[in-house]
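What follows is a short report on a single structure.
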Amino acid sequence: MDIKEIKDLMAQFDASSLKEFSYSTTSDQLVFSKNDHAPQAVTPLPVAEVAPSVPVVSVETPVEVAVPAGESSPVETAEGDVVASPLVGVAYLAPSPDKPAFVEVGASVRKGQTLMIIEAMKVMNEVPAPHDGVVTEILVANEDVVEYGQGLVRLK
């Protein structure tokens, strides 16, 4: 891809209402973002590696807890099943900014209860609880951009 093509893509992206755009080939990767978060380092894609079509979410993921200086704490492992994002979009933990969150850590949930909303293409999609349980961890913050298969909430 030459610089003229890249500049043309940048101009089209800037004029569009898109918040993020990514383009990749086996040797190149472009990522444009209008979001307010810090840019992430881009690593080159290996030529021979093929990404799996279904995301894999580990249930036994260790979670490190921040500990004030001078104290020590072992690495804690959160318990439960991870509820993965069914689509790419923006996660909202409450129905509106002035309303309380759908769920909090320690809250009991019923199967089908809304855990959060993911906005994709101006459509609000509810993420239901797959089973009854207790929320042991919320893995995303309000208004985070989430990917397909990314862990959202952990239920025990």
Subject >> side chain to side chain contact (heavy atoms under 4.5 Å, CB included) partners for A120, two or more places apart >> reply: L87, N125

**OP:** Evaluate side-chain contact (heavy atoms from CB on, under 4.5 Å) for V146 paired with V90, printing each intermediate quantity in order.
**Re:** CA-CA 6 Å; V146 295; V90 178; over 6 Å; no

Original post:
Mind checking whether Q113 and V103 have side chains closer than 4.5 Å, heavy atoms only?
Top reply: yes

**OP:** Flag the pair V82 / L139 as yes when at least one side-chain heavy-atom distance between them is below 4.5 Å, and no otherwise.
**Re:** yes

Original post:
Are side-chain heavy atoms of V109 and F102 found at a separation under 4.5 Å?
Top reply: no

**OP:** For residues E104 and V135, determine if any side-chain heavy atom of one lies less than 4.5 Å from a side-chain heavy atom of the other.
**Re:** no

Subject >> Residues that E119 engages under side-chain hydrogen bond (donor to acceptor under 3.5 Å, both in side chains), provided they are two or more places apart >> reply: Y92

Subject >> Check: V105 and E137 side chains under 4.5 Å, non-hydrogen atoms >> reply: no

Original post:
What pairs with P128 under side chain to side chain contact (heavy atoms under 4.5 Å, CB included), at least two apart in sequence or on another chain?
Top reply: none

Original post:
Can you tell me how far CE of M116 sits from CG of N142, rounded to the nearest 0.5 angstrom?
Top reply: 9.0 Å

Subject >> S108: partners by side chain to side chain contact (heavy atoms under 4.5 Å, CB included), with sequence neighbours left out >> reply: V134

Original post:
Can you name the nearest heavy-atom pair linking A129 to R110, along with the distance?
Top reply: CB-O, 3.5 Å

**OP:** Taking all non-hydrogen atoms of both residues into account, name the closest pair between A94 and A101 and its distance.
**Re:** CB-CA, 3.9 Å

**OP:** Please name all residues satisfying salt bridge (Lys or Arg N to Asp or Glu O under 4.0 Å) with D8, sequence neighbours left out, ordered by chain then number.
**Re:** none

Subject >> side chain to side chain contact (heavy atoms under 4.5 Å, CB included) against K99, all qualifying residues, sequence neighbours excluded >> reply: P95, S96

Subject >> Contacts of type side-chain hydrogen bond (donor to acceptor under 3.5 Å, both in side chains), residue K156, not counting sequence neighbours >> reply: E79

Original post:
Hey, are K111 and D132 close enough for a salt bridge, meaning a charged N less than 4.0 Å from a carboxylate O?
Top reply: no

**OP:** Could you tell me which non-hydrogen atom of D81 sits nearest to which non-hydrogen atom of H131, and how far apart they are?
**Re:** OD2-NE2, 3.4 Å

Subject >> Which atom of V83 lies closest to which atom of P130, heavy atoms considered >> reply: CG2-CD, 3.7 Å

Original post:
Between L115 and L152, does a side-chain contact (heavy atoms from CB on, under 4.5 Å) hold up when you go through it step by step?
Top reply: CA-CA 9 Å; L115 300 173; L152 301 173; over 6 Å; no

Original post:
Of all residues at least two apart in sequence or in a different chain, which pass the side-chain hydrogen bond (donor to acceptor under 3.5 Å, both in side chains) check with T114?
Top reply: E126

**OP:** To the nearest 0.5 Å, tell me how far M124 CE sits from I118 CD1.
**Re:** 11.5 Å

Original post:
What pair of heavy atoms forms the shortest contact from A141 to L93, and how long is it?
Top reply: C-CD1, 4.0 Å

